[in-house]
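Here the structure comes first, spelled out in structure tokens, and everything after it is commentary.
Quick note: residue numbers are just sequence positions, from 1.
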Amino acid sequence: MAFHRIFVVDFAGVGLGEAPDANRFQSVGADTLGHVAVSWPDKLNLPTLQQLGLGNIRFDHPIPGVEPIDQPSGFYGRLHVQAQDNRRATGLREMWDFTGENRTETVFASLPAAGYAVSLAGPFLSYLQTQSAAQRFQVGSNQDAFRILYDRLYQPASGLAYVVLPDFRFAGEQQDVAAFAEALTSADHYLAQVQHDLGANDLLIVTATHADDPTVSATPTREYLPLLAYSPSRPVGHALGIRRTLADVGATVLENFGLAGHAAGHSFLNEITQ
């Protein structure tokens, strides 16, 4: 086991620009983070995410206020949704579901069966609520979600904590650019405390399961999604490239806890430990 605990923060709604199949989902020209950055009257200031490497993902098309830096502390890449539909729970299921020997399984059930703790926090999503093997918390705001995450940071049990931030979805659906930018700024601030409190054997993964460009009428929008990984034991990161499926996140978690044989995607664990 490379990491004792893994914390996954889902910035659900934050996209990085149209995916190759955007035309199939009324999402040509969608660019959640880019559009929020240029539409926001103040300069977008996300120092924590920028230091982790968020700007480096878009080195070829820099995000105003979140430009690439020379030595990011995190590993960075982008995810592409593989599924052929684009409903709100599509990416969530793709990230955490896999085909078992006899039926579809989830990472959230496999870890507890192997003796590892799993905590889930998010808005009222039926998929999360059915994961009875995990400890579940319903939250209505990003602040509430981070409060649960802070609490999990002080729990010594080895395992996974997965937290969905709900404010981006709400801002995207309401086409409220100001609310989206404000949610990004505050989440960046909360994330700095999470990063500070991580133990040497902890891994933080920041990602998103869907995009919701507030300047586009389609919702959700089909975009590339961010992938950032950080551990205090690996202070200098590098590029993870474009991942073909969100299942790579679930595969990484499974491999870390010795369950790699069940994974649907391709783990990037070796890329951040070697």
| said: If hydrophobic clusters are built by linking Ile, Leu, Val, Met, Phe, Trp and Tyr wherever their side-chain heavy atoms come under 4.5 Å apart, do L149 and V107 end up in the same one? | reply: no
### Message
Are more than 12 heavy atoms, taken from residues, nucleotides or ligands other than Y150, located less than 6.0 Å from that residue's OH atom?
### Response
yes
Smallest heavy-atom separation, P68 atom then G55 atom, equals CG-O, 3.5 Å
TODO: Taking E223 for its side chain and E18 for its backbone only, find out whether a donor-acceptor pair lies under 3.5 Å.
DONE: no
ILVMFWY cluster, L160 and Y154 together (side-chain gap under 4.5 Å): no
Rounded to the nearest 0.5 angstrom, the CG-OG1 distance for L227 and T252 is 8.0 Å
| Validation row: I69, Q50 side chains within 4.5 angstrom (heavy atoms) | yes
_Whether the H266 and R243 side chains hold a donor-acceptor pair (N or O, under 3.5 Å, no angle test) is what I'd like checked._
no
Quick check: does any side chain N or O of E67 sit under 3.5 Å from a backbone N or O of P62, one acting as donor and the other as acceptor? no
For T48, does its backbone N or O pair with a side-chain atom of D188 as donor and acceptor, under 3.5 Å? yes
When rounded to the nearest 0.5 Å, the distance separating CZ of F257 from CG of L111 is 6.0 Å
Note to self: Side chains of R93 and T209: any donor to acceptor distance under 3.5 Å?
What the structure shows: no
Only one of T130, V253, D97, V118 passes side chain to side chain contact (heavy atoms under 4.5 Å, CB included) with F108, and that residue is V118
On a heavy-atom basis, the closest approach of F98 and A264 is CB-CB, 3.7 Å
Check: In the single-linkage hydrophobic clustering (I, L, V, M, F, W, Y; side-chain heavy atoms under 4.5 Å), do V194 and I205 co-cluster?
Finding: no
With side-chain contact (heavy atoms from CB on, under 4.5 Å) as the criterion, how do Y190 and L165 come out once you've worked through the C-alpha distance, each side chain's angles and the decisive distance to 0.1 Å? CA-CA 11 Å; Y190 293 136; L165 306 183; over 6 Å; no
The salt bridge (Lys or Arg N to Asp or Glu O under 4.0 Å) partners of R87 (sequence neighbours excluded) come to D85
So CG of L120 and CG of D10: to nearest 0.5 Å the spacing works out to 11.5 Å
A133 and P112 have their tightest heavy-atom pair at O-CG, 3.7 Å
Below 4.0 angstrom, N of the basic side chain to O of the carboxylate: do R5 and D202 qualify?
yes
- request: Determine whether V177 and F170 fall in the same hydrophobic cluster, where Ile, Leu, Val, Met, Phe, Trp and Tyr are linked whenever their side-chain heavy atoms lie under 4.5 Å apart.
  value: no
Is there a path from I6 to F137 through hydrophobic residues (I, L, V, M, F, W, Y) whose side chains come within less than 4.5 Å of each other?
no
- Item | Close side-chain approach of L52 and Q195, heavy atoms under 4.5 Å | yes
Between A187 and F168, the two heavy atoms sitting closest are CB-CZ, 4.0 Å
In terms of heavy-atom contacts, G15 and L225 come closest through CA-CD2, 4.3 Å
- Query: Do side-chain atoms of N201 reach the backbone of H4 as a donor and acceptor pair under 3.5 angstrom?
  - Reply: no
So CG of D70 and CG of N56: to nearest 0.5 Å the spacing works out to 8.5 Å
Which label fits F146 and F11: parallel for a plane angle under 30°, tilted from 30 to 60°, or perpendicular past 60°? perpendicular
In terms of side-chain heavy atoms, does S141 have a donor or acceptor partner in Q143 at a distance below 3.5 Å?
no
When you measure from the side chain of R222 to the backbone of V81, do you find a donor-acceptor pair of N or O atoms at a distance under 3.5 Å?
yes
Q.
Between Q174 (side chain only) and G172 (backbone N and O only), is there a donor and an acceptor less than 3.5 Å apart?
A. no
Measuring only between side-chain heavy atoms, which start at C-beta, is V163 closer than 4.5 Å to R152? no
Just wondering, do E182 and W40 contact through their side chains at under 4.5 Å, heavy atoms? yes
* Verdict with supporting geometry, H80 and T245, side-chain contact (heavy atoms from CB on, under 4.5 Å) -> CA-CA 5 Å; H80 180 258; T245 170; over 6 Å; no
Interatomic distance, CG@L254 vs CD@E105, rounded to 0.5 Å, equals 10.5 Å
Review point. With a 4.5 Å heavy-atom cut-off, do Y230 and V206 have their side chains touching?
Key: no
Student check: side-chain heavy atoms of R147 and V139 closer than 4.5 Å
no
### Task
Could you label the plane-to-plane angle of the H238 and F75 rings as parallel, tilted or perpendicular, counting under 30° as parallel and over 60° as perpendicular?
perpendicular
Modelled atom types, side-chain donor and acceptor of Q84 and R24, under 3.5 Å: yes
Rounding to 0.5 Å, atoms CD1 (I57) and CG (L16) come to a distance of 5.5 Å
Between F180 and the options V14, D167, T215, D213, the side chain to side chain contact (heavy atoms under 4.5 Å, CB included) test singles out V14
Practice task
Give the intermediate values and the outcome of side chain to side chain donor-acceptor pair (under 3.5 Å) for residues R88 and T219.
Solution key: CA-CA 8 Å; R88 192 163 304 285; T219 180; 3.1 Å; yes
In terms of heavy-atom contacts, L246 and E94 come closest through N-OE2, 3.0 Å
Please examine the side chains of P220 and N86, heavy atoms only from C-beta on, and report whether any two atoms are closer than 4.5 Å.
-> yes
A quick test of your reading: do over 12 heavy atoms of other residues, nucleotides or ligands sit less than 6.0 Å from CD of Q71?
no
* Asked: Considering only heavy atoms from C-beta outward, does the side chain of L92 approach that of Y162 to under 4.5 Å?
  -> yes
Requested in this report: Using atom types as modelled and distance alone, determine if a side-chain donor or acceptor of Q193 lies under 3.5 Å from a backbone N or O of H189.
Outcome: no
**Request:** Please lay out, stage by stage, how I63 and L46 fare under the test side-chain contact (heavy atoms from CB on, under 4.5 Å).
**Result:** CA-CA 11 Å; I63 303 160; L46 307 175; over 6 Å; no
Handout entry: Steps toward side-chain contact (heavy atoms from CB on, under 4.5 Å) verdict (V164, R169)
Key = CA-CA 10 Å; V164 183; R169 169 189 169 180; over 6 Å; no
